[in-house]
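Take a look at the structure below.
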Amino acid sequence: AQSVAQPEDQVNVAEGNPLTVKCTYSVSGNPYLFWYVQYPNRGLQFLLKYITGDNLVKGSYGFEAEFNKSQTSFHLKKPSALVSDSALYFCAVRDIGGNTDKLIFGTGTRLQVFP
Amino acid sequence: GAGVSQTPSNKVTEKGKYVELRCDPISGHTALYWYRQSLGQGPEFLIYFQGTGAADDSGLPNDRFFAVRPEGSVSTLKIQRTERGDSAVYLCASSPDPLREQYFGPGTRLTVT
């Protein structure tokens, strides 16, 4: 079965510092990995995805993620955090096969950026 | 262009009542998904439509839950005999094809009292 794990409930970082939000995955076959962000009282917004190709994926709002097959990880990163980046971040793996097509989400990591 | 819309944004109902939640996907998106997000959790898959048909409804928790998409566009999630445990945010998403990202609506917050 496909799954992702986000080991940190919360990540705190000072504005201007680099940030990392961790995600590890367990899949059978090729992984299709995604990061979404959720602001209060709003829906999920797509940040970036890995399907194939370069291991470093660039996405919206200056975020990037590094796909590491040997460590089965897909950590989200940003070189310089902003207070406005404070939100809930979800890693997800897409389960496609047979009749199914669905996202399987992690439990989320709350990012708090302090001024 | 317009994103995924969901109505109502909030729904409060009494235990045992019937509710309908509506999703308007992005125009032209053939795939539509429903998820449920409980407090402090990630979204959990409920059902996936490809066109008018439910291709995968394995995430529906029991037979009180049902969803339709009769014309391949708007979808309605129906919950019969609501229970307090059904309280959650119900999210709808659409996608143009399986390798593209899913675009989520703002959700419907359902509270069963």
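Throughout, a chain's letter reflects where its sequence line sits, starting with A, and its residues are numbered from 1.
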So, [X] versus [Y]: side-chain donor-acceptor pair below 3.5 Å or not?
X       : Y       : value
A:Glu66 : A:Asn68 : no
A:Glu8  : A:Tyr89 : no
A:Tyr32 : A:Asp95 : no
B:Gln50 : B:Thr30 : yes

Practice problem: Might you work through the salt bridge (charged side-chain N to carboxylate O under 4.0 Å, His left out) test for A:Glu64 and A:Lys58, ending with a clear yes or no? | Solution: CA-CA 4 Å; A:Glu64 58 190 27; A:Lys58 294 189 182 296; 2.9 Å; yes
Self-check item: Closest heavy-atom pair and its distance - A:Pro18, A:Val13
Solution: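 Residues A:Pro18 and A:Val13, closest heavy atoms: O-CG2, 3.4 Å.
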Quiz item: How about B:Phe104 and A:Tyr36: are their ring centroids closer than 6.0 Å?
Solution: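 Yes.
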Chain A contact via [X] - which portion, at a heavy-atom distance below 4.5 Å:
X       : value
B:Ser95 : side chain
B:Asp97 : backbone
B:Glu44 : neither

Exercise. Against chain B, work out which of A:Thr107, A:Asp101, A:Ile104 has the most heavy-atom pairs shorter than 4.5 Å and name it.
Key: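 Highest number of pairs under 4.5 Å: A:Asp101.
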Quiz prompt | Pick from A:Arg94, A:Gln45, A:Gln6, A:Lys49 with the largest number of heavy-atom pairs that fall under 4.5 Å of chain B | solution =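 Answer, by heavy-atom pair count under 4.5 Å with chain B: A:Arg94.
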Practice problem: Please list, in residue-number order, every residue in residues 57-92 of chain B that has a heavy atom less than 4.5 Å from any heavy atom of chain A; write 'none' if there are none. | Solution: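 Those residues of residues 57-92 of chain B which have a heavy atom under 4.5 Å from chain A are B:Ser58, B:Leu91.
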Part of [X] within contact of chain B (heavy atom distance under 4.5 Å):
X        : answer
A:Leu103 : both
A:Ile96  : side chain
A:Gln38  : side chain
A:Lys102 : both

Exercise. Please assess B:Tyr48 against A:Asn99 for the test side chain to side chain donor-acceptor pair (under 3.5 Å), listing each intermediate value before the final yes or no.
Key: CA-CA 9 Å; B:Tyr48 155 54; A:Asn99 292 327; over 6 Å; no
Quiz prompt | Intermediate values then yes/no, side-chain contact (heavy atoms from CB on, under 4.5 Å), A:Tyr50 and A:Tyr25 | solution = CA-CA 12 Å; A:Tyr50 173 82; A:Tyr25 65 88; over 6 Å; no
Practice problem: Taking A:Gln10 for its side chain and A:Thr109 for its backbone only, find out whether a donor-acceptor pair lies under 3.5 Å. | Solution: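 Between the backbone of A:Thr109 and the side chain of A:Gln10 there is no qualifying donor-acceptor contact (under 3.5 Å).
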